[in-house]
Amino acid sequence: MKIINRFLNFILTLGVINIFPLLKSDIPVVSEKLFVPVIILLFVVSEYICRGEERAFSEKKLRRLASGCRLIAKSGWLLLFEIPVLVIAFMRLELGVLYGILSVAEPLILITIWLIGGILRAAVSSRQIKLTNYIALLCLWWMPIANIILIRKFYKTARRELFTESARLELENAREESRICRTKYPVLLVHGIFFRDWQLLNYWGRIPAALKRNGAEFYYGGQQSASSVAESAAELRDRIIDVIRQTGAEKINIIAHSKGGLDSRYAISNLGMDKYVATLTTINTPHLGCDMVDYLLDRLPQGLIDFVTARYNGIFRKLGDRNPDFIAGVRDLSARRCVELNKEMPDSSEVSYRSFMSVMSSAGSAGFPLNIGYMLIKKLNGANDGLVWEKSAVHGDFKLLTTPKKRGISHGDVIDLMRENIDDFDVREMYVQIVSELKNEGY
(Lines give C-alpha, C1' and ligand atoms only; values in the text may rest on other atoms or scores of the structure.)
Protein backbone atom coordinates (compact mmCIF):
# COMPACT_ATOMS: atom_id res chain seq x y z
CA MET A 1 0.00 0.00 0.00
CA LYS A 2 2.86 2.35 0.82
CA ILE A 3 4.40 1.88 -2.64
CA ILE A 4 1.04 2.53 -4.31
CA ASN A 5 0.55 5.74 -2.29
CA ARG A 6 4.01 6.96 -3.21
CA PHE A 7 3.45 6.16 -6.90
CA LEU A 8 0.10 7.99 -7.01
CA ASN A 9 1.63 10.93 -5.17
CA PHE A 10 4.42 11.08 -7.75
CA ILE A 11 1.98 11.02 -10.69
CA LEU A 12 -0.20 13.72 -9.10
CA THR A 13 2.87 15.82 -8.36
CA LEU A 14 3.90 15.56 -12.01
CA GLY A 15 0.42 16.73 -12.90
CA VAL A 16 0.57 19.71 -10.51
CA ILE A 17 3.92 20.96 -11.78
CA ASN A 18 2.81 20.54 -15.40
CA ILE A 19 -0.60 22.20 -15.19
CA PHE A 20 0.13 24.67 -17.97
CA PRO A 21 1.21 22.07 -20.58
CA LEU A 22 -1.77 19.88 -19.53
CA LEU A 23 -4.21 22.74 -20.13
CA LYS A 24 -2.81 23.14 -23.64
CA SER A 25 -2.82 19.43 -24.41
CA ASP A 26 -5.61 17.46 -26.06
CA ILE A 27 -6.23 15.34 -22.94
CA PRO A 28 -10.03 15.26 -22.49
CA VAL A 29 -11.25 16.87 -19.27
CA VAL A 30 -14.80 17.49 -18.07
CA SER A 31 -14.12 21.16 -17.42
CA GLU A 32 -10.96 23.22 -17.59
CA LYS A 33 -12.26 25.28 -14.68
CA LEU A 34 -12.54 22.14 -12.53
CA PHE A 35 -9.34 20.50 -13.75
CA VAL A 36 -6.89 22.68 -11.82
CA PRO A 37 -8.64 22.60 -8.38
CA VAL A 38 -9.38 18.88 -8.69
CA ILE A 39 -5.80 17.87 -9.45
CA ILE A 40 -4.52 20.15 -6.70
CA LEU A 41 -7.04 18.68 -4.24
CA LEU A 42 -6.01 15.13 -5.14
CA PHE A 43 -2.37 16.13 -4.73
CA VAL A 44 -3.05 17.59 -1.26
CA VAL A 45 -4.88 14.42 -0.18
CA SER A 46 -2.03 12.29 -1.50
CA GLU A 47 0.51 14.43 0.37
CA TYR A 48 -1.52 14.06 3.56
CA ILE A 49 -1.49 10.27 3.19
CA CYS A 50 2.27 10.23 2.64
CA ARG A 51 2.79 12.51 5.63
CA GLY A 52 0.67 10.08 7.64
CA GLU A 53 3.26 7.38 6.97
CA GLU A 54 5.90 9.70 8.37
CA ARG A 55 3.79 10.52 11.42
CA ALA A 56 3.88 6.83 12.31
CA PHE A 57 7.41 7.35 13.69
CA SER A 58 7.17 7.96 17.43
CA GLU A 59 10.09 10.41 17.61
CA LYS A 60 9.86 13.90 16.16
CA LYS A 61 13.42 13.71 14.88
CA LEU A 62 12.66 10.57 12.88
CA ARG A 63 9.47 12.11 11.47
CA ARG A 64 11.43 15.09 10.18
CA LEU A 65 14.16 12.85 8.84
CA ALA A 66 11.63 10.66 7.02
CA SER A 67 9.99 13.74 5.53
CA GLY A 68 13.35 15.13 4.44
CA CYS A 69 14.39 11.87 2.78
CA ARG A 70 11.08 11.63 0.94
CA LEU A 71 11.28 15.19 -0.37
CA ILE A 72 14.88 14.77 -1.55
CA ALA A 73 14.09 11.49 -3.33
CA LYS A 74 10.91 12.92 -4.80
CA SER A 75 12.73 16.00 -6.11
CA GLY A 76 15.34 13.86 -7.80
CA TRP A 77 12.81 11.64 -9.55
CA LEU A 78 10.70 14.64 -10.55
CA LEU A 79 13.69 16.33 -12.15
CA LEU A 80 14.57 13.15 -14.00
CA PHE A 81 11.05 12.76 -15.42
CA GLU A 82 10.40 16.45 -15.94
CA ILE A 83 13.07 16.92 -18.59
CA PRO A 84 11.48 14.53 -21.15
CA VAL A 85 8.01 15.86 -20.24
CA LEU A 86 9.05 19.41 -21.13
CA VAL A 87 10.81 18.27 -24.30
CA ILE A 88 7.65 16.47 -25.49
CA ALA A 89 5.46 19.44 -24.50
CA PHE A 90 7.53 21.91 -26.50
CA MET A 91 7.72 19.60 -29.50
CA ARG A 92 4.04 18.70 -29.70
CA LEU A 93 2.20 21.65 -28.18
CA GLU A 94 1.85 25.24 -29.22
CA LEU A 95 2.41 26.77 -25.81
CA GLY A 96 3.13 30.34 -26.78
CA VAL A 97 5.58 32.62 -24.99
CA LEU A 98 3.67 33.01 -21.71
CA TYR A 99 2.71 29.36 -21.36
CA GLY A 100 6.21 28.34 -22.41
CA ILE A 101 7.80 30.42 -19.64
CA LEU A 102 5.28 29.21 -17.05
CA SER A 103 5.71 25.59 -18.16
CA VAL A 104 9.44 25.78 -17.45
CA ALA A 105 9.44 28.08 -14.42
CA GLU A 106 6.70 26.35 -12.38
CA PRO A 107 8.24 22.86 -12.19
CA LEU A 108 11.77 24.14 -11.62
CA ILE A 109 10.66 26.45 -8.80
CA LEU A 110 8.54 23.78 -7.09
CA ILE A 111 11.20 21.07 -7.43
CA THR A 112 13.81 23.44 -6.03
CA ILE A 113 11.57 24.34 -3.08
CA TRP A 114 10.90 20.68 -2.31
CA LEU A 115 14.60 19.80 -2.64
CA ILE A 116 15.75 22.62 -0.35
CA GLY A 117 12.98 21.78 2.11
CA GLY A 118 14.05 18.14 2.14
CA ILE A 119 17.71 18.99 2.65
CA LEU A 120 16.88 21.37 5.51
CA ARG A 121 14.61 18.83 7.21
CA ALA A 122 17.27 16.15 6.95
CA ALA A 123 19.99 18.54 8.10
CA VAL A 124 18.24 19.55 11.32
CA SER A 125 17.35 15.93 12.14
CA SER A 126 20.39 13.91 11.10
CA ARG A 127 23.32 13.17 13.40
CA GLN A 128 25.23 11.13 10.82
CA ILE A 129 25.73 13.67 8.04
CA LYS A 130 29.24 15.02 8.53
CA LEU A 131 30.31 18.65 8.54
CA THR A 132 32.40 18.05 5.42
CA ASN A 133 29.24 17.09 3.53
CA TYR A 134 27.57 20.38 4.46
CA ILE A 135 30.63 22.43 3.50
CA ALA A 136 31.00 20.65 0.15
CA LEU A 137 27.30 21.11 -0.63
CA LEU A 138 27.40 24.81 0.26
CA CYS A 139 30.44 25.35 -1.95
CA LEU A 140 29.45 23.20 -4.93
CA TRP A 141 25.64 23.41 -5.08
CA TRP A 142 25.90 25.37 -8.34
CA MET A 143 28.18 22.88 -10.11
CA PRO A 144 26.39 20.28 -12.30
CA ILE A 145 27.21 16.61 -11.65
CA ALA A 146 29.10 17.52 -8.45
CA ASN A 147 25.90 18.76 -6.79
CA ILE A 148 24.03 15.61 -7.86
CA ILE A 149 26.75 13.39 -6.35
CA LEU A 150 26.79 15.37 -3.10
CA ILE A 151 23.00 15.45 -2.73
CA ARG A 152 22.83 11.71 -3.44
CA LYS A 153 25.45 11.05 -0.73
CA PHE A 154 23.57 13.39 1.63
CA TYR A 155 20.34 11.48 0.95
CA LYS A 156 21.88 8.02 1.34
CA THR A 157 23.41 8.95 4.70
CA ALA A 158 20.12 10.39 5.99
CA ARG A 159 18.11 7.40 4.72
CA ARG A 160 20.51 4.90 6.28
CA GLU A 161 20.24 6.76 9.58
CA LEU A 162 16.45 6.71 9.36
CA PHE A 163 16.35 2.94 8.91
CA THR A 164 19.01 2.30 11.57
CA GLU A 165 17.44 4.52 14.23
CA SER A 166 13.87 3.40 13.54
CA ALA A 167 14.94 -0.26 13.82
CA ARG A 168 16.83 0.59 17.00
CA LEU A 169 13.78 2.33 18.47
CA GLU A 170 11.53 -0.58 17.54
CA LEU A 171 13.91 -3.01 19.28
CA GLU A 172 14.05 -0.85 22.40
CA ASN A 173 10.26 -0.52 22.55
CA ALA A 174 9.79 -4.28 22.14
CA ARG A 175 11.95 -5.17 25.15
CA GLU A 176 11.41 -2.08 27.31
CA GLU A 177 9.56 -3.97 30.03
CA SER A 178 12.12 -6.77 30.13
CA ARG A 179 14.81 -4.51 31.67
CA ILE A 180 17.49 -6.83 30.38
CA CYS A 181 20.28 -4.65 31.83
CA ARG A 182 18.94 -4.56 35.40
CA THR A 183 21.94 -6.27 37.00
CA LYS A 184 22.27 -7.40 40.61
CA TYR A 185 25.17 -5.00 41.12
CA PRO A 186 25.39 -1.45 39.71
CA VAL A 187 27.73 -0.75 36.79
CA LEU A 188 30.66 1.66 36.96
CA LEU A 189 31.77 3.09 33.59
CA VAL A 190 35.47 3.98 33.72
CA HIS A 191 36.88 6.24 31.00
CA GLY A 192 40.34 6.15 29.47
CA ILE A 193 43.12 8.71 29.28
CA PHE A 194 42.77 12.31 27.99
CA PHE A 195 39.05 12.55 28.77
CA ARG A 196 36.79 13.37 31.68
CA ASP A 197 33.24 12.36 32.55
CA TRP A 198 31.57 15.49 31.24
CA GLN A 199 27.80 15.25 30.92
CA LEU A 200 27.46 17.75 28.07
CA LEU A 201 30.05 15.87 26.00
CA ASN A 202 29.63 12.33 27.22
CA TYR A 203 32.70 10.15 26.76
CA TRP A 204 30.43 7.17 26.16
CA GLY A 205 28.29 8.77 23.46
CA ARG A 206 24.82 7.24 23.12
CA ILE A 207 25.70 4.18 25.21
CA PRO A 208 24.47 5.45 28.62
CA ALA A 209 21.04 6.31 27.17
CA ALA A 210 20.73 2.79 25.74
CA LEU A 211 21.77 1.21 29.04
CA LYS A 212 19.34 3.38 30.99
CA ARG A 213 16.46 2.53 28.69
CA ASN A 214 17.12 -1.17 29.24
CA GLY A 215 17.08 -0.83 33.01
CA ALA A 216 20.77 -0.49 33.89
CA GLU A 217 21.86 1.27 37.06
CA PHE A 218 25.22 2.83 36.27
CA TYR A 219 27.67 5.44 37.51
CA TYR A 220 30.83 7.06 36.16
CA GLY A 221 34.39 6.59 37.39
CA GLY A 222 35.03 10.32 37.60
CA GLN A 223 38.83 10.07 37.72
CA GLN A 224 41.05 12.80 36.27
CA SER A 225 41.86 12.81 32.58
CA ALA A 226 45.55 11.94 32.92
CA SER A 227 47.49 10.54 35.87
CA SER A 228 49.62 7.52 36.65
CA VAL A 229 47.81 4.20 36.93
CA ALA A 230 48.35 4.21 40.72
CA GLU A 231 46.94 7.74 41.12
CA SER A 232 43.90 7.04 38.91
CA ALA A 233 43.33 3.77 40.77
CA ALA A 234 43.23 5.66 44.07
CA GLU A 235 40.56 7.94 42.67
CA LEU A 236 38.59 4.91 41.47
CA ARG A 237 38.89 3.32 44.91
CA ASP A 238 37.22 6.35 46.45
CA ARG A 239 34.56 6.33 43.75
CA ILE A 240 33.80 2.63 44.21
CA ILE A 241 33.36 3.08 47.95
CA ASP A 242 31.14 6.09 47.29
CA VAL A 243 28.90 4.08 44.92
CA ILE A 244 28.69 1.22 47.42
CA ARG A 245 27.56 3.67 50.09
CA GLN A 246 25.04 5.36 47.78
CA THR A 247 23.41 2.17 46.56
CA GLY A 248 23.82 -0.17 49.49
CA ALA A 249 25.05 -2.81 47.02
CA GLU A 250 27.57 -5.41 48.12
CA LYS A 251 29.63 -5.08 44.95
CA ILE A 252 29.78 -3.37 41.56
CA ASN A 253 30.48 -4.36 37.96
CA ILE A 254 33.17 -2.32 36.20
CA ILE A 255 33.24 -1.66 32.46
CA ALA A 256 36.45 0.16 31.60
CA HIS A 257 37.83 1.50 28.35
CA SER A 258 41.50 1.87 27.40
CA LYS A 259 43.74 2.96 30.32
CA GLY A 260 40.67 2.79 32.55
CA GLY A 261 41.08 -0.99 32.50
CA LEU A 262 44.60 -0.73 33.96
CA ASP A 263 43.41 1.77 36.57
CA SER A 264 40.62 -0.63 37.57
CA ARG A 265 42.93 -3.64 37.78
CA TYR A 266 45.30 -1.71 40.04
CA ALA A 267 42.44 -0.67 42.35
CA ILE A 268 41.23 -4.27 42.52
CA SER A 269 44.60 -5.93 43.11
CA ASN A 270 46.51 -3.30 45.08
CA LEU A 271 43.95 -1.14 46.88
CA GLY A 272 41.65 -3.79 48.32
CA MET A 273 38.76 -3.27 45.91
CA ASP A 274 38.49 -6.95 44.99
CA LYS A 275 36.00 -7.34 47.82
CA TYR A 276 33.77 -4.73 46.20
CA VAL A 277 34.14 -5.64 42.51
CA ALA A 278 32.23 -8.59 41.07
CA THR A 279 33.35 -8.30 37.43
CA LEU A 280 35.80 -6.27 35.36
CA THR A 281 35.12 -5.91 31.64
CA THR A 282 37.89 -4.13 29.78
CA ILE A 283 37.34 -2.60 26.33
CA ASN A 284 40.42 -2.09 24.12
CA THR A 285 42.69 -1.88 27.17
CA PRO A 286 46.46 -2.20 26.56
CA HIS A 287 47.16 -4.84 29.21
CA LEU A 288 50.54 -5.52 27.58
CA GLY A 289 51.11 -1.84 26.94
CA CYS A 290 51.50 0.16 23.74
CA ASP A 291 54.79 -0.32 21.89
CA MET A 292 53.98 2.90 20.04
CA VAL A 293 54.40 4.82 23.30
CA ASP A 294 57.90 3.34 23.84
CA TYR A 295 58.75 4.10 20.21
CA LEU A 296 57.71 7.75 20.45
CA LEU A 297 59.16 8.44 23.92
CA ASP A 298 62.53 7.08 22.78
CA ARG A 299 62.59 9.35 19.71
CA LEU A 300 60.80 12.59 20.51
CA PRO A 301 62.92 15.47 21.88
CA GLN A 302 62.57 15.93 25.62
CA GLY A 303 61.86 19.61 25.07
CA LEU A 304 58.80 18.75 22.96
CA ILE A 305 57.58 16.23 25.56
CA ASP A 306 57.94 18.82 28.35
CA PHE A 307 56.15 21.45 26.24
CA VAL A 308 53.16 19.20 25.49
CA THR A 309 53.00 18.05 29.13
CA ALA A 310 52.94 21.61 30.46
CA ARG A 311 50.30 22.76 27.98
CA TYR A 312 48.07 19.71 28.56
CA ASN A 313 48.25 19.97 32.35
CA GLY A 314 47.49 23.68 32.23
CA ILE A 315 44.43 23.25 30.02
CA PHE A 316 42.95 20.37 32.01
CA ARG A 317 43.41 22.14 35.33
CA LYS A 318 41.10 24.78 33.94
CA LEU A 319 38.71 22.04 32.77
CA GLY A 320 38.40 20.50 36.24
CA ASP A 321 41.38 18.23 36.92
CA ARG A 322 42.93 18.82 40.36
CA ASN A 323 46.43 17.66 39.49
CA PRO A 324 46.71 16.28 35.94
CA ASP A 325 49.93 14.52 34.99
CA PHE A 326 50.09 13.96 31.25
CA ILE A 327 53.48 12.28 31.02
CA ALA A 328 52.87 9.97 34.03
CA GLY A 329 49.70 8.69 32.38
CA VAL A 330 51.42 8.21 29.04
CA ARG A 331 54.46 6.43 30.48
CA ASP A 332 52.22 3.94 32.31
CA LEU A 333 50.86 2.90 28.91
CA SER A 334 54.28 1.93 27.57
CA ALA A 335 55.04 -1.74 26.98
CA ARG A 336 58.05 -1.57 29.32
CA ARG A 337 55.99 -0.14 32.16
CA CYS A 338 53.09 -2.57 31.63
CA VAL A 339 55.46 -5.52 32.14
CA GLU A 340 56.11 -4.14 35.63
CA LEU A 341 52.46 -3.29 36.25
CA ASN A 342 51.29 -6.80 35.37
CA LYS A 343 53.67 -8.17 38.00
CA GLU A 344 52.40 -5.65 40.55
CA MET A 345 48.69 -6.32 40.04
CA PRO A 346 47.91 -10.05 39.71
CA ASP A 347 44.29 -10.98 39.11
CA SER A 348 42.06 -11.59 42.10
CA SER A 349 40.18 -14.86 42.43
CA GLU A 350 37.23 -12.84 43.74
CA VAL A 351 36.71 -11.06 40.43
CA SER A 352 35.50 -12.31 37.04
CA TYR A 353 37.61 -10.83 34.22
CA ARG A 354 36.56 -10.47 30.60
CA SER A 355 37.90 -8.33 27.74
CA PHE A 356 36.93 -7.02 24.31
CA MET A 357 39.05 -5.67 21.48
CA SER A 358 38.33 -4.16 18.08
CA VAL A 359 40.61 -3.54 15.10
CA MET A 360 40.64 -1.11 12.21
CA SER A 361 40.82 -2.54 8.69
CA SER A 362 42.92 0.34 7.31
CA ALA A 363 44.13 3.83 8.11
CA GLY A 364 40.96 5.10 6.46
CA SER A 365 38.83 3.55 9.22
CA ALA A 366 39.37 6.60 11.43
CA GLY A 367 40.58 10.18 11.32
CA PHE A 368 43.59 11.85 12.91
CA PRO A 369 45.39 10.82 15.12
CA LEU A 370 44.12 7.22 15.06
CA ASN A 371 44.95 6.82 11.37
CA ILE A 372 48.59 7.74 12.07
CA GLY A 373 48.64 5.46 15.10
CA TYR A 374 47.22 2.62 13.05
CA MET A 375 50.00 2.79 10.47
CA LEU A 376 52.74 2.94 13.10
CA ILE A 377 51.36 0.12 15.26
CA LYS A 378 50.71 -1.97 12.13
CA LYS A 379 54.46 -1.97 11.51
CA LEU A 380 55.38 -2.53 15.15
CA ASN A 381 52.80 -5.14 16.19
CA GLY A 382 50.15 -5.87 13.57
CA ALA A 383 46.35 -5.54 13.83
CA ASN A 384 45.25 -2.64 16.02
CA ASP A 385 42.55 -0.04 16.71
CA GLY A 386 44.71 3.04 16.18
CA LEU A 387 46.14 3.05 19.73
CA VAL A 388 46.19 -0.53 21.05
CA TRP A 389 47.36 -3.66 19.27
CA GLU A 390 45.10 -6.70 19.27
CA LYS A 391 47.02 -9.11 21.53
CA SER A 392 47.65 -6.43 24.13
CA ALA A 393 43.93 -6.27 24.94
CA VAL A 394 43.55 -9.96 25.85
CA HIS A 395 42.72 -10.46 29.53
CA GLY A 396 40.41 -13.11 30.94
CA ASP A 397 37.56 -14.26 28.70
CA PHE A 398 38.32 -12.51 25.42
CA LYS A 399 36.22 -11.52 22.41
CA LEU A 400 37.41 -9.83 19.23
CA LEU A 401 34.93 -7.39 17.71
CA THR A 402 34.77 -7.49 13.93
CA THR A 403 32.56 -6.28 11.10
CA PRO A 404 31.96 -8.03 7.76
CA LYS A 405 32.47 -4.72 5.97
CA LYS A 406 35.82 -3.00 5.41
CA ARG A 407 35.08 -0.17 7.84
CA GLY A 408 36.63 -1.73 10.93
CA ILE A 409 36.15 -0.48 14.51
CA SER A 410 38.57 2.07 15.96
CA HIS A 411 39.59 2.89 19.53
CA GLY A 412 37.04 5.70 19.51
CA ASP A 413 34.27 3.71 17.83
CA VAL A 414 34.00 1.27 20.76
CA ILE A 415 32.89 4.11 23.06
CA ASP A 416 30.71 5.81 20.41
CA LEU A 417 33.02 8.82 20.51
CA MET A 418 31.82 10.25 17.18
CA ARG A 419 28.20 9.01 17.54
CA GLU A 420 28.59 7.32 14.15
CA ASN A 421 26.41 4.47 12.90
CA ILE A 422 28.68 1.74 11.53
CA ASP A 423 27.33 -0.89 9.13
CA ASP A 424 26.87 -4.26 10.85
CA PHE A 425 28.08 -2.94 14.21
CA ASP A 426 25.82 -1.26 16.76
CA VAL A 427 28.01 -0.10 19.63
CA ARG A 428 24.96 0.66 21.79
CA GLU A 429 23.72 -2.90 21.42
CA MET A 430 27.19 -4.22 22.17
CA TYR A 431 27.10 -2.64 25.64
CA VAL A 432 23.48 -3.64 26.21
CA GLN A 433 24.46 -7.25 25.52
CA ILE A 434 27.54 -7.01 27.76
CA VAL A 435 25.43 -5.82 30.70
CA SER A 436 22.61 -8.23 29.85
CA GLU A 437 25.09 -11.10 30.02
CA LEU A 438 26.26 -9.90 33.43
CA LYS A 439 22.66 -9.99 34.59
CA ASN A 440 22.14 -13.52 33.22
CA GLU A 441 25.26 -14.71 35.02
CA GLY A 442 23.93 -13.43 38.33
CA TYR A 443 26.07 -10.29 38.59
Side-chain angles (χ1 to χ4, degrees), residues 1-54 64-123 133-134 136-159:
M1 193 64 184
K2 182 178 179 180
I3 296 175
I4 295 174
N5 289 338
R6 292 288 174 89
F7 176 75
L8 290 175
N9 177 259
F10 181 76
I11 297 300
L12 288 167
T13 305
L14 271 178
V16 167
I17 67 176
N18 289 286
I19 284 178
F20 295 106
L22 286 172
L23 291 175
K24 284 291 184 177
S25 69
D26 54 0
I27 298 175
V29 294
V30 176
S31 168
E32 288 189 3
K33 292 182 179 180
L34 289 176
F35 177 73
V36 174
V38 167
I39 194 170
I40 291 177
L41 178 61
L42 291 174
F43 166 74
V44 170
V45 172
S46 175
E47 276 290 306
Y48 181 79
I49 294 173
C50 289
R51 291 295 298 274
E53 297 171 357
E54 294 157 8
R64 283 199 306 260
L65 192 58
S67 177
C69 289
R70 182 175 68 86
L71 288 175
I72 295 172
K74 181 179 178 178
S75 302
W77 285 109
L78 284 173
L79 188 60
L80 183 65
F81 277 80
E82 185 60 22
I83 294 174
V85 168
L86 289 177
V87 170
I88 293 171
F90 275 91
M91 289 177 60
R92 300 189 60 179
L93 303 176
E94 296 180 4
L95 297 175
V97 178
L98 179 60
Y99 268 75
I101 293 173
L102 292 174
S103 297
V104 174
E106 183 204 4
L108 290 181
I109 291 172
L110 289 176
I111 290 173
T112 301
I113 290 173
W114 284 323
L115 177 60
I116 293 174
I119 290 174
L120 291 176
R121 283 172 179 264
N133 297 134
Y134 292 115
L137 191 57
L138 283 172
C139 295
L140 301 175
W141 64 268
W142 54 272
M143 185 180 294
I145 306 302
N147 52 18
I148 294 175
I149 294 173
L150 289 170
I151 291 172
R152 184 172 181 271
K153 184 177 181 181
F154 190 99
Y155 166 75
K156 288 180 68 177
T157 302
R159 189 168 180 266

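Being a predicted model, the structure only gives us computed values, none of them experimental.
Few gaps surround CG on Leu80; more than 12 heavy atoms of other groups in view lie less than 6.0 Å from it. Annotation: Tyr48, atom OH; neighbour count of heavy atoms from other residues, nucleotides and ligands within 6.0 Å does not exceed 12. The number of heavy atoms from other shown groups lying within 6.0 Å of CZ (Phe7) does not exceed 12.
Atom OG of Ser67 sits about 11.0 Å away from atom CG of Leu120, to the nearest 0.5 Å. Taking CG from Leu78 and OG1 from Thr112, the interatomic distance works out to 11.0 Å, rounded to the nearest 0.5 Å. With rounding to the nearest 0.5 Å, the separation of CG in Leu140 from CD1 in Ile148 is 13.0 Å. Taken to the nearest 0.5 Å, the CZ atom of Arg6 stands 9.5 Å off from the OG atom of Ser46. Taken to the nearest 0.5 Å, the CH2 atom of Trp141 stands 13.5 Å off from the CG atom of Leu150. With rounding to the nearest 0.5 angstrom, the CD1 atom of Ile40 is 4.5 Å from the CD1 atom of Ile19.
A 4.5 Å side-chain heavy-atom check between Asn18 and Leu86 finds at least one atom pair inside the cut-off. Side chains of Thr13 and Phe43 form a contact here, defined as non-hydrogen atoms less than 4.5 Å apart. At a threshold of 4.5 Å between non-hydrogen side-chain atoms, the residues Leu98 and Phe20 do not count as touching. Inter-residue side-chain proximity for Leu79 and Leu115 is flagged as unmet; no heavy-atom pair is nearer than 4.5 Å. The shortest side-chain heavy-atom distance between Leu12 and Val16 does not fall under the 4.5 Å cut-off. Taking the side chain as every heavy atom from C-beta outward, Phe10 and Leu14 approach each other to under 4.5 Å.
Using a distance-only test at 3.5 Å, with no hydrogens or angles considered, no donor-acceptor pair links the side chain of Asn9 to the main chain of Asn5.
A salt bridge does not link Arg70 with Glu53: every distance from a Lys NZ or Arg NE/NH1/NH2 to an Asp or Glu carboxylate oxygen is 4.0 Å or more. Between Arg121 and Glu54 there is no salt bridge, since none of the side-chain N atoms of the basic residue sits less than 4.0 Å from a carboxylate O of the acidic one.
For the pair Pro107 and Ile17, the tightest heavy-atom approach, listed with the atom from each and the gap, is CD-O, 3.4 Å. Residues Ala122 and Phe154 share a closest heavy-atom pair of CB-CE2, 3.7 Å. For the pair Tyr155 and Ile72, the tightest heavy-atom approach, listed with the atom from each and the gap, is CB-CG2, 3.8 Å.
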